Colleague: 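Once you've had a glance at the structure underneath, I'll fire off some questions.
Position 1 is the first residue of the sequence, and the numbers go up from there. All of these numbers come straight from a predicted model, not from anything done at the bench.
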Amino acid sequence: ITQAYDPHTDYFSPRDAQRFKEDLSVSLEGIGARLQSDNDYIKINEVLPGGPAEKSGKIHVNDRIIGVAQGDEAMVDIVGWRVDDAVKIIKGPKGTKVRLQILPAETGINGPSVEIVLIREKIKLEDLSAKKNIITYERGGKPMKLGVITLPSFYLEWEEMQKGNPNYNSTTKDVKKLIAELQAEGIDGLMLDLRNNGGGSLAEAIDLTGLFIKNGPVVQVKNSVNRVEVGADEDNSIVYNGPMVVLINRFSASASEIFAGAIQDYKRGIIVGESSYGKGTVQQVYPLSRFIQDSKDKTGELKLTLQKFYRVTGSSTQHKGVLPDVKLPSAFDPEQFGESSNPSALPWDEITGTFYNKTSSVNDKTLTAVARSYNDRMKSDLTLQRFADEINEARKNISQKRISLNEVTRKREMEEAEKKKAANDKLGTKITGKENKPVPLLELDDEYLRESLIVLGDLITSKIG
């Protein structure tokens, strides 16, 4: 009933309310993935940063779980199960082993299944925090050092900050520190990797934007009575003013879209990747015990959508999300994945824009040149062409909803899928090389990251020229 209003308005039973609090406090013990029902299948809806699933590099969004086994026990077929029942046997105490039988998203339901072994653990805050790497890149005989900051979420230890603890964790504090370390190592450009970042603290998205602009509005928030408030960066200092690229994908949502949209609107950097999720709404949770006081039983909680996000231009991030300046191949259709896949999602709209001063970091001429360079590579770069073919194949497999019950046909489909199977790492966010050592661009297994860094190299070159 609640989701008839919009997909993020929801009722939490007492058990679900507890699970929601565990997620927020990052204390859930399990494999580190959110699940959803997809017809008769249990599908991976989100891979949580820092969890066993993400660390394994073998589990991805839209993979289907068809079997679960505890330790070395026999595999239990879970096709047709309810999500809650599946969660019960997948979740478990820290340190215990669980085996999953999975149909990978890239080969679809026609492809062969694979067995993955995971050790459940508690997700730690430090696993969710920002991390840095340096990628080396030689361009026209000129060596470049490209800094990469991977940002899994917009986090803030609110209670510790309220207590006055100066060592509280926050996205902005961590990124500021990492930028200083990267600048000390002489980077030529910076990339922020926001792939699979589902959002988090809106205040952190505003403060993080402030590291790259002098000051000004970052986001507009409208409530149900059409009152608009502006979230602005009021700090005149700029931590980093060099060439900058932001990498997003279909699962970059909410606060990620606020940050990426502001960087794009201010012309502060180039946005590369896939169109983002398109979640432009704000929710608040209310315990129903406040309203139903004569009940002897626990009543659960209600999560209500109360506000919508708008960019400084006045355009909502709802449905449309953030469209990249350089769009890379994507396996995901907006109608299948993201806000637009929900029939009850609130519509896109726009309000009056607010005044802001664009920077001179990026102009239309630069964007045109960078896009042309990418299109030229698509015609001549065999690695990029092969990657685009693999993504197109994955797109077909993800949309496949039927399998043959004929054994001969089924075996042939599995064999064909196996032949076409792309390497799993190419859909991940893996950086190869030894820790704290620069990684050559050509050694990257991650094609999205590689292409984004080439775009950053184009931007650096244009600044030099």
Colleague: Rounded to the nearest 0.5 Å, how far does CG of L304 lie from OH of Y286?
Modeller: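 One gets 6.5 Å once the value is rounded to the nearest 0.5 Å.
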Colleague: Report yes or no: does H319 contribute a side-chain atom to a donor-acceptor pair with the main-chain N or O of L346 at less than 3.5 Å?
Modeller: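 Between the backbone of L346 and the side chain of H319 there is a qualifying donor-acceptor contact (under 3.5 Å).
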Colleague: I need the minimum non-hydrogen distance between V322 and Q264, along with the two atoms involved.
Modeller: CG1-OE1, 3.7 Å
Colleague: Looking at every non-hydrogen atom in both residues, tell me the closest pair between I42 and A86 and how far apart they are.
Modeller: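 Closest pair (atom of I42, atom of A86, distance): CG1-CB, 3.9 Å.
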Colleague: Backbone N or O of A388 within a donor-acceptor pair of the N392 side chain at under 3.5 Å?
Modeller: yes
Colleague: Do L302 and V285 touch side chain to side chain, with heavy atoms closer than 4.5 Å?
Modeller: no
Colleague: Should V221 and V228 count as side-chain neighbours, where that means a heavy-atom distance under 4.5 Å?
Modeller: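 V221 does not reach V228 side chain to side chain.
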Colleague: For R139, which residues count as a salt bridge (Lys or Arg N to Asp or Glu O under 4.0 Å) partner, sequence neighbours excluded?
Modeller: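 With neighbours one apart ignored, the set is D458.
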Colleague: What is the ring orientation for F387 with Y448, classed by angle as parallel under 30°, tilted 30 to 60°, or perpendicular over 60°?
Modeller: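 It falls in the perpendicular class, over 60°.
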Colleague: What are the two closest heavy atoms between P104 and I102, and how far apart are they?
Modeller: CD-O, 3.4 Å
Colleague: Should K173 and N169 be marked as a side chain to side chain contact (heavy atoms under 4.5 Å, CB included) after you check the CA-CA gap, both sets of side-chain angles, and the distance that decides it?
Modeller: CA-CA 7 Å; K173 283 177 59 179; N169 286 294; over 6 Å; no
Colleague: Please list, chain by chain and in numerical order, all residues satisfying salt bridge (Lys or Arg N to Asp or Glu O under 4.0 Å) with K222, sequence neighbours excluded.
Modeller: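 By the salt bridge (Lys or Arg N to Asp or Glu O under 4.0 Å) rule, K222 matches D349.
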Colleague: For the pair E181 and K177, find out whether any cationic side-chain nitrogen is under 4.0 Å from an anionic carboxylate oxygen.
Modeller: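 Salt bridge present between E181 and K177.
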Colleague: Between atom CD of Q385 and atom CD of E390, what is the distance when rounded to the nearest 0.5 Å?
Modeller: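 Going from CD on Q385 over to CD on E390, the span is 12.0 Å.
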Colleague: So, D6 versus T305: side-chain donor-acceptor pair below 3.5 Å or not?
Modeller: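 Yes, side-chain donor-acceptor contact under 3.5 Å.
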Colleague: Side chains of H60 and I44: closer than 4.5 Å at any heavy-atom pair?
Modeller: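 Side chain of H60 against side chain of I44, heavy atoms only: no contact under 4.5 Å found.
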Colleague: Please lay out, stage by stage, how D381 and R450 fare under the test salt bridge (Lys or Arg N to Asp or Glu O under 4.0 Å).
Modeller: CA-CA 12 Å; D381 189 327; R450 189 178 84 101; 3.1 Å; yes
Colleague: Which pairs would a plain distance check flag for residues 197-211, meaning a side-chain donor or acceptor within less than 3.5 Å of a matching protein atom at least two apart in sequence or in another chain?
Modeller:
| unit_1 | atom_1 | unit_2 | atom_2 | d |
| --- | --- | --- | --- | --- |
| N197 | OD1 | G199 | N | 2.9 |
| N197 | OD1 | S256 | OG | 2.9 |
| N197 | ND2 | L151 | O | 2.8 |
| S201 | OG | A203 | N | 3.4 |
| S201 | OG | E204 | N | 3.2 |
| E204 | OE1 | T171 | N | 3.2 |
| E204 | OE1 | T172 | N | 2.8 |
| E204 | OE1 | T172 | OG1 | 2.9 |
| T209 | OG1 | A205 | O | 2.8 |

Colleague: Taking salt bridge (charged side-chain N to carboxylate O under 4.0 Å, His left out) as the cut-off, I'd like each qualifying pair that reaches into residues 353-368, sequence neighbours left out, listed once.
Modeller: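 Checked against salt bridge (charged side-chain N to carboxylate O under 4.0 Å, His left out) - neighbours excluded - the pairs reaching residues 353-368 are K267-D364.
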Colleague: Do you know which two heavy atoms are closest between I59 and V47, and how far apart they sit?
Modeller: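 For I59 versus V47, the nearest heavy atoms are O-CG2, 3.9 Å.
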Colleague: In terms of side-chain heavy atoms, does R377 have a donor or acceptor partner in S373 at a distance below 3.5 Å?
Modeller: yes
Colleague: Could you give me the CA-CA distance, side-chain angles and deciding distance for D325 and V370, then say whether side chain to side chain contact (heavy atoms under 4.5 Å, CB included) is met?
Modeller: CA-CA 9 Å; D325 300 307; V370 167; over 6 Å; no
Colleague: Give me the atom names and distance for the closest heavy-atom approach of M244 to R268.
Modeller: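 Minimum heavy-atom separation between M244 and R268: CB-NH1, 3.9 Å.
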Colleague: Taking side chain as C-beta onward, heavy atoms only, is M144 less than 4.5 Å from T461?
Modeller: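 Counting from C-beta outward, M144 and T461 do come under 4.5 Å.
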Colleague: I'd like to know whether T150 forms a side chain to side chain contact (heavy atoms under 4.5 Å, CB included) with V148, so could you lay out the CA-CA distance, the side-chain angles of the two residues, the decisive distance to 0.1 Å, and finally the verdict.
Modeller: CA-CA 6 Å; T150 304; V148 177; 4.2 Å; yes
Colleague: Please report the closest heavy-atom contact between D174 and A130, naming both atoms and the distance.
Modeller: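 The answer is CB-CB, 4.5 Å.
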Colleague: Sequence neighbours left out, what pairs pass ring-ring contact (aromatic ring centres under 6.0 Å, His included) with at least one residue falling in residues 344-375?
Modeller: Y266-Y356
Colleague: Whether the side chain of Q318 engages the backbone of G280 through a donor-acceptor N/O pair (distance < 3.5 Å, no angle test) should be reported.
Modeller: yes
Colleague: Roughly how far, to the nearest 0.5 Å, is CG of L192 from CG of L247?
Modeller: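 Those atoms lie 10.0 Å apart.
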Colleague: Heavy-atom distance under 4.5 Å between the side chains of V218 and V312, does that happen here?
Modeller: no
Colleague: So does L103 get a backbone contact from the side chain of T107, meaning a donor-acceptor N/O pair under 3.5 Å?
Modeller: no
Colleague: When you compare the side chain of R195 with that of D446, does any pair of heavy atoms fall below 4.5 Å?
Modeller: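 Yes; the side chains approach each other to less than 4.5 Å.
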Colleague: Just to verify, what does K145 make a side chain to side chain contact (heavy atoms under 4.5 Å, CB included) with, not counting sequence neighbours?
Modeller: I134, D188
Colleague: Is Q162 atom CD crowded by more than 12 heavy atoms from other residues, nucleotides or ligands, each under 6.0 Å away?
Modeller: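 Atom CD in Q162 is crowded, with more than 12 foreign heavy atoms closer than 6.0 Å.
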Colleague: How would you list, by chain and number, every residue that makes a side chain to side chain contact (heavy atoms under 4.5 Å, CB included) with S344, sequence neighbours excluded?
Modeller: P7
Colleague: By side chain to side chain contact (heavy atoms under 4.5 Å, CB included), which residues pair with P324, not counting sequence neighbours?
Modeller: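 Side chain to side chain contact (heavy atoms under 4.5 Å, CB included) list for P324, sorted by chain: I271, S275, K327.
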Colleague: For the atom pair CG (L146) and OG (S452), what is the distance rounded to the nearest 0.5 Å?
Modeller: 11.0 Å
Colleague: Step by step, work out the side-chain hydrogen bond (donor to acceptor under 3.5 Å, both in side chains) result for T281 and Q283.
Modeller: CA-CA 7 Å; T281 57; Q283 289 73 41; 3.0 Å; yes
Colleague: Would V272 and I270 count as a side chain to side chain contact (heavy atoms under 4.5 Å, CB included) if you check the C-alpha gap in whole Å, the side-chain angles of each, and the deciding distance to 0.1 Å?
Modeller: CA-CA 6 Å; V272 182; I270 296 178; 3.9 Å; yes
Colleague: With a 4.5 Å cut-off on side-chain heavy atoms, are V282 and F309 touching?
Modeller: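 Yes; the side chains approach each other to less than 4.5 Å.
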Colleague: Residues in salt bridge (Lys or Arg N to Asp or Glu O under 4.0 Å) with K163, at least two apart?
Modeller: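 Expected list: E160.
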Colleague: To the nearest 0.5 angstrom, please state how far the OH atom of Y277 sits from the OG atom of S252.
Modeller: 12.0 Å
Colleague: Test of understanding: with side chain to side chain donor-acceptor pair (under 3.5 Å), list the residues that count as partners of Q307, not counting sequence neighbours.
Modeller: none
Colleague: Should I149 and M191 count as side-chain neighbours, where that means a heavy-atom distance under 4.5 Å?
Modeller: no
Colleague: Can you find a side-chain donor-acceptor pair between D233 and N215 that sits under 3.5 Å?
Modeller: no
Colleague: Please report the interatomic distance CD(E257) to CD(E339), rounded to the nearest 0.5 Å.
Modeller: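 So the gap between those two atoms works out to 8.5 Å.
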Colleague: Taking only residues two or more places apart in sequence, or in another chain, which ones meet D333 in a salt bridge (Lys or Arg N to Asp or Glu O under 4.0 Å)?
Modeller: R395
Colleague: Can you list the residues that meet the side chain to side chain contact (heavy atoms under 4.5 Å, CB included) rule with N62, with sequence neighbours excluded?
Modeller: K43, A105, F251, F332, F337
